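Let me begin by presenting the structure, written as structure tokens, before commenting on it.
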2 protein chains.
Amino acid sequence: MTIKDVAKKAQVSIATVSLVINNNKRISEETKQKVNSAIRDLNYYPSRSARGLVSRKTGNIGFILTENHFLRSEPFYTQIFLGAEFEAHNKEFYVLLTTVPAASKSNNKLPRFVLEKNVDGIIIAGTVSHKLISALSGYTLPIVYVDYYPEGKESSAVLIDNYGGGKTATEHLISLKHKNIAFLGGNISHPSIKHRFEGFKSALEAHKLPFGTNSSVVDEVDTSRDNGYKAAKKLLKNNPGVTAIFACNDAVAIGAMQYLASEGYSVPNDISIIGFDDVEPARLTTPALTTIAVPKQELGSEAVKLMNRLLEDKKVRSHTITVGVELVVRNSTARKK
Amino acid sequence: MTIKDVAKKAQVSIATVSLVINNNKRISEETKQKVNSAIRDLNYYPSRSARGLVSRKTGNIGFILTENHFLRSEPFYTQIFLGAEFEAHNKEFYVLLTTVPAASKSNNKLPRFVLEKNVDGIIIAGTVSHKLISALSGYTLPIVYVDYYPEGKESSAVLIDNYGGGKTATEHLISLKHKNIAFLGGNISHPSIKHRFEGFKSALEAHKLPFGTNSSVVDEVDTSRDNGYKAAKKLLKNNPGVTAIFACNDAVAIGAMQYLASEGYSVPNDISIIGFDDVEPARLTTPALTTIAVPKQELGSEAVKLMNRLLEDKKVRSHTITVGVELVVRNSTARKK
DNA sequence: GTATTTTAGTTAAACGATTAACTAAATTCT
DNA sequence: AGAATTTAGTTAATCGTTTAACTAAAATAC
């Protein structure tokens, strides 16, 4: 079943069929009907490959994720990806996923879907290497960043309100009368973590609470459970009087809770702890983790919506969307005794 | 950069370039070198669309998931999908994901990637409607089923050893000296659940343990946490003396544990419970859930490997792969007091 | 009533590869 | 040595669309 069969059946040229498919206004209502019924009768659908070849539109969006994010057990980026998938379905796109080595490993090998011209645009989730970004700029593909964006260049991005969330988290602890509040970070070089940290500091400042060097641990290699465990150990050693902890994400919070439990501290009676992200496991710890919920799927769907606008309307300027976060109070935080 | 540019630079015909790309043996080592260096110099990659049009190979695999599976919080099918993605990356395929309404809702609208001839084969994960399957059979696409396969037709599938797992789970409880052991199922009509149930029964039988009608609850609508909660309630009402429960999956087990906790039962002191699947949350319940681990990512990767063989070698007969499962002992099961 | 514009469609080129059929040169066979 | 075969490449058709350029008929303008 090709366009030719439809043309023959409807007794028009293939060009007319094509114009009908792309509903060009140049076609009369009458022939449109005729063609459409032929299409229906023959159960015809235009072939992607043929369309793509001449129109240079593939109907695909490339999704780039770093390997370490892909493999993490907390499905943070996975949720973003699924949100993107879902929205792509609505917008009649398909999403091609690829992973690239972590930002640290310098690498500028481009994803195959770029080389093969098999995507109309690219969504990049998380921190990727600068080399990759500059290699990508050789192509004229629109790019939407998620939860990260490269400094300097003007680009389109969907970001989390990390600063606001950091502030909200900290204010929650302050409202529970805590005075000695600590921040547990992984690698502070990641912009998201940095902004959460800044929100933390600004909240302390706003309430005239002290902030010393032993109120934070920000020198772990990344934000994993293991490092949360280690960070909590360091923190308690340097600052035994701490009564509340704001962990930069749930993984770190969970790791920290494991350390606290192993040392006989009771959460939230001895120490309150709040996380960030609201990943599935946060709901299942004992006690359940109070956290700042990030609408992960929304991040993905917003990215696709933004990409869609970029593709539909060439004159849309690149811009940034910030999605809000929400305090979810569970059982790991309590009023200071 | 098209094949023409390469041909010009290497001073050969475009056919020769094409033959080199597809490493046809008809080309001498010498011209091969010449062409390859032109390719490298020009940073040329063949366009997917153009290739696809003439060769009728898209390089894409379609992945069909039912909506309810896609949306479930326990990322069971998500893990299968990710495993498929990963393997697809190795095999140089892209995966196009789509969801279809649940099997119950009769629906025979085919995924767009099928209509547009945008995939070389299809992986179907979970139970889909028969209408869909028969609509699909109008196309000559190879199909690989995962965790399900249609009765009757000879088809390729990657399945879980549900029967063996059910037996192993039950034997674990038996080895802990339990006598009154119950099975908590959702909808028994799902083949996977049915096989787990059969494994359960066969283990009881092999150890000459009784099996009565109040040793199982298999009338909930599906295998969710909520229904696990409800099923446990029913079970305890009908069979108050039960000391061990084999839940047909982790979601049901977690729901059941919630009910048991709410009623003041202690797990595993009063009642032992074992699940099936080993999803993330199972690790985080209190107590951590003993379960039968299903290698979810492996299911996905095996599906892609099988698809790859089907596509490479037309004469490969359809066949079935069963992946093994493994008992993971955590803290929700204990020797009978 | 003729000239101009609009409408509704057609023709044909193009997109960038693959591949069957062909060919000339080199090699092997007898 | 001449015929037959193999090797290494080329030519040209083809895949199924889109779209620029064209055209004939109808509508509008003057």
Side-chain angles (χ1 to χ4, degrees), chain A residues 1-36 38-39 42-60 92 112-120 139-140 311, chain B residues 1-36 38-39 42-60 92 112-120 139-140 311:
Chain A
M1 282 308 105
T2 75
I3 200 171
K4 278 187 197 167
D5 301 303
V6 177
K8 191 180 293 176
K9 176 144 186 141
Q11 312 206 70
V12 294
S13 72
I14 62 165
T16 303
V17 178
S18 177
L19 293 173
V20 170
I21 291 167
N22 298 289
N23 58 126
N24 187 303
K25 53 236 157 242
R26 209 156 65 195
I27 305 295
S28 72
E29 201 51 46
E30 198 189 337
T31 25
K32 205 179 279 185
Q33 299 279 321
K34 204 168 54 177
V35 170
N36 276 326
I39 287 177
L42 298 175
N43 193 26
Y44 165 78
Y45 267 82
S47 132
R48 251 302 151 206
S49 300
R51 279 192 133 167
L53 182 54
V54 49
S55 72
R56 288 142 193 303
K57 289 281 157 225
T58 64
N60 300 330
E92 306 241 302
R112 192 163 52 84
F113 54 54
V114 172
L115 299 170
E116 292 179 338
K117 310 205 192 324
N118 201 11
V119 292
D120 300 336
Y139 296 72
T140 42
L311 290 172
Chain B
M1 284 308 107
T2 76
I3 199 171
K4 278 186 197 166
D5 301 304
V6 176
K8 191 179 294 174
K9 176 143 185 141
Q11 312 206 69
V12 294
S13 72
I14 63 164
T16 303
V17 177
S18 178
L19 293 173
V20 170
I21 290 167
N22 298 290
N23 59 126
N24 189 303
K25 54 236 155 240
R26 208 157 64 196
I27 305 297
S28 72
E29 201 52 45
E30 199 189 335
T31 23
K32 205 180 279 185
Q33 298 280 319
K34 204 167 54 176
V35 170
N36 275 327
I39 288 177
L42 297 175
N43 192 26
Y44 166 78
Y45 267 82
S47 132
R48 249 304 149 205
S49 301
R51 277 191 135 168
L53 181 55
V54 50
S55 72
R56 287 141 193 304
K57 290 282 157 224
T58 64
N60 300 330
E92 307 240 301
R112 192 163 51 86
F113 54 56
V114 172
L115 299 170
E116 293 180 338
K117 309 205 191 325
N118 201 11
V119 292
D120 300 335
Y139 296 72
T140 43
L311 291 172

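Nothing here was measured: the structure is a model prediction, and the numbers come from that model. Just so it is clear: chains get the letters A, B, ... in the order the sequence lines come, proteins before strands, and each one is counted from 1.
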I need a per-nucleotide contact map over nucleotides 10-23 of chain C, read 5' to 3'. Cutoff is protein heavy atoms under 4.0 Å; write B for the base, S for backbone only, - otherwise. BB---BBBBB-B--
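The main-chain N or O of A:K57 is never found under 3.5 Å from a side-chain atom of A:D120 such that the two would form a donor-acceptor pair. Here the side chain of B:D5 pairs a donor or acceptor atom with the backbone of B:T2 at under 3.5 angstrom. A distance-only check finds no donor-acceptor pair linking the side chain of B:T31 to the backbone of B:I27 [under 3.5 Å]. A donor-acceptor pair under 3.5 Å links the side-chain atoms of B:R112 to the main chain of A:E92, judged by distance alone.
Of the inter-residue distances, the one linking A:N23 atom CG with A:N36 atom CG reads 9.0 Å to the nearest 0.5 angstrom.
Rounded to whole Å, the distance from CG on B:N24 to P on D:dT7 is 12 Å. Rounded to whole angstrom, the span from the NZ atom of A:K8 across to the P atom of D:dG16 amounts to 13 Å. Here the P atom of nucleotide D:dC15 and the NZ atom of B:K57 are 17 Å apart, to the nearest Å. Protein atom CD of A:E30 is 12 Å distant from nucleotide atom C1' of C:dG9, rounded to whole Å. Taking atom NZ of B:K25 as the reference point, atom C1' of D:dT7 lies 13 Å away to the nearest angstrom. Atoms CD1 (A:I39) and P (D:dG16) sit 16 Å apart, rounded to a whole Å.
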Between the protein and nucleotides 24-27 of chain C, are there any N/O to N/O pairs under 3.5 Å, and if so, what are the atom names and distances?
none

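Smallest separation of non-hydrogen atoms from A:K9 and A:A38: CG-CB, 3.8 Å.
If you run side-chain contact (heavy atoms from CB on, under 4.5 Å) between A:V6 and each of A:V12, A:I14, A:T16, A:V17, only A:V17 comes through.
Contact annotation: the side chain of B:T58 never approaches that of B:K117 to less than 4.5 Å [non-hydrogen atoms, C-beta and beyond].
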